[in-house]
S.K.: 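Shown below is the structure under consideration.
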Amino acid sequence: MTVATELRAALERTLTPSELEIVDESARHHGHAGWREGGETHFAVRVVSASFAGRSRLERHRLVHAAAADLLRERIHALAVTALAPGEAPAKP
């Protein structure tokens, strides 16, 4: 099973998202810390979940990181997170 597949399963199981996008950004980090041959080390996720309603950005990120904790310990080097409650617009860069 790929890291992306495992990450998707962990986030779906824990956060029951209405939307979930996972992008493997490993190729953009070639030669940087944590990069490994074959990729699947650097990810960006966009998660929309009712679990985030009324929570701060920090609390939302902690929920995502807790859901992915096992993968973050050994297989994922970096995880960029956009965590939204239903109906929220994503923050502008």
Side-chain angles (χ1 to χ4, degrees):
M1 184 180 308
T2 67
V3 174
T5 301
E6 290 182 53
L7 178 58
R8 178 173 298 280
L11 295 175
E12 287 176 344
R13 181 176 51 251
T14 305
L15 301 172
T16 317
S18 56
E19 296 177 42
L20 176 58
E21 296 174 36
I22 298 174
V23 177
D24 183 349
E25 297 184 333
S26 302
R28 294 176 49 198
H29 299 276
H30 185 271
H32 295 180
W35 181 86
R36 289 187 303 272
E37 190 67 42
E40 293 206 306
T41 56
H42 295 71
F43 289 91
V45 297
R46 181 181 175 278
V47 185
V48 179
S49 173
S51 300
F52 300 141
R55 296 184 188 263
S56 71
R57 182 177 174 195
L58 179 60
E59 291 170 320
R60 294 172 183 202
H61 282 231
R62 284 180 175 159
L63 288 172
V64 171
H65 279 249
D70 290 341
L71 292 167
L72 287 165
R73 269 189 217 95
E74 301 197 14
R75 300 182 68 196
I76 295 176
H77 176 73
L79 183 63
V81 176
T82 301
L84 305 168
E88 290 181 337
K92 300 288 182 193

S.K.: How long is the gap from CG on L7 to CG on L71, to the nearest 0.5 Å?
M.R.: 6.0 Å
S.K.: At what distance, to the nearest 0.5 angstrom, does CG of L63 lie from CZ of R55?
M.R.: 5.0 Å
S.K.: Looking at every non-hydrogen atom in both residues, tell me the closest pair between L79 and H65 and how far apart they are.
M.R.: O-NE2, 4.2 Å
S.K.: Working to the nearest 0.5 Å, report the span between CZ of R57 and CZ of F52.
M.R.: 12.5 Å
S.K.: The criterion is side chain to side chain contact (heavy atoms under 4.5 Å, CB included); which residues satisfy it with T2, sequence neighbours excluded?
M.R.: A4, T5, E40
S.K.: Closest approach of V3 and R75, non-hydrogen atoms and distance?
M.R.: CG2-NH2, 3.2 Å
S.K.: Using a 3.5 Å distance criterion without hydrogens, assess whether the side chain of S26 forms a donor-acceptor pair with backbone atoms of T41.
M.R.: yes
S.K.: Please give me the minimum heavy-atom distance between D24 and H42, naming the atom from each residue.
M.R.: OD1-O, 3.3 Å
S.K.: Taking atom CZ of R46 as the centre, does the number of heavy atoms from other residues, nucleotides or ligands within less than 6.0 Å exceed 12?
M.R.: yes
S.K.: How many angstroms lie between atom OG1 of T82 and atom CD of E19, to the nearest 0.5 angstrom?
M.R.: 12.0 Å
S.K.: Identify all side-chain donor-acceptor contacts of residues 9-18 below 3.5 Å with residues at least two apart in sequence or on another chain.
M.R.:
| from | atom 1 | to | atom 2 | distance (Å) |
| --- | --- | --- | --- | --- |
| T14 | OG1 | A10 | O | 3.0 |
| S18 | OG | V48 | O | 3.4 |

S.K.: Quick one: CD on E59 to OG on S51, what's the gap to the nearest 0.5 Å?
M.R.: 12.5 Å
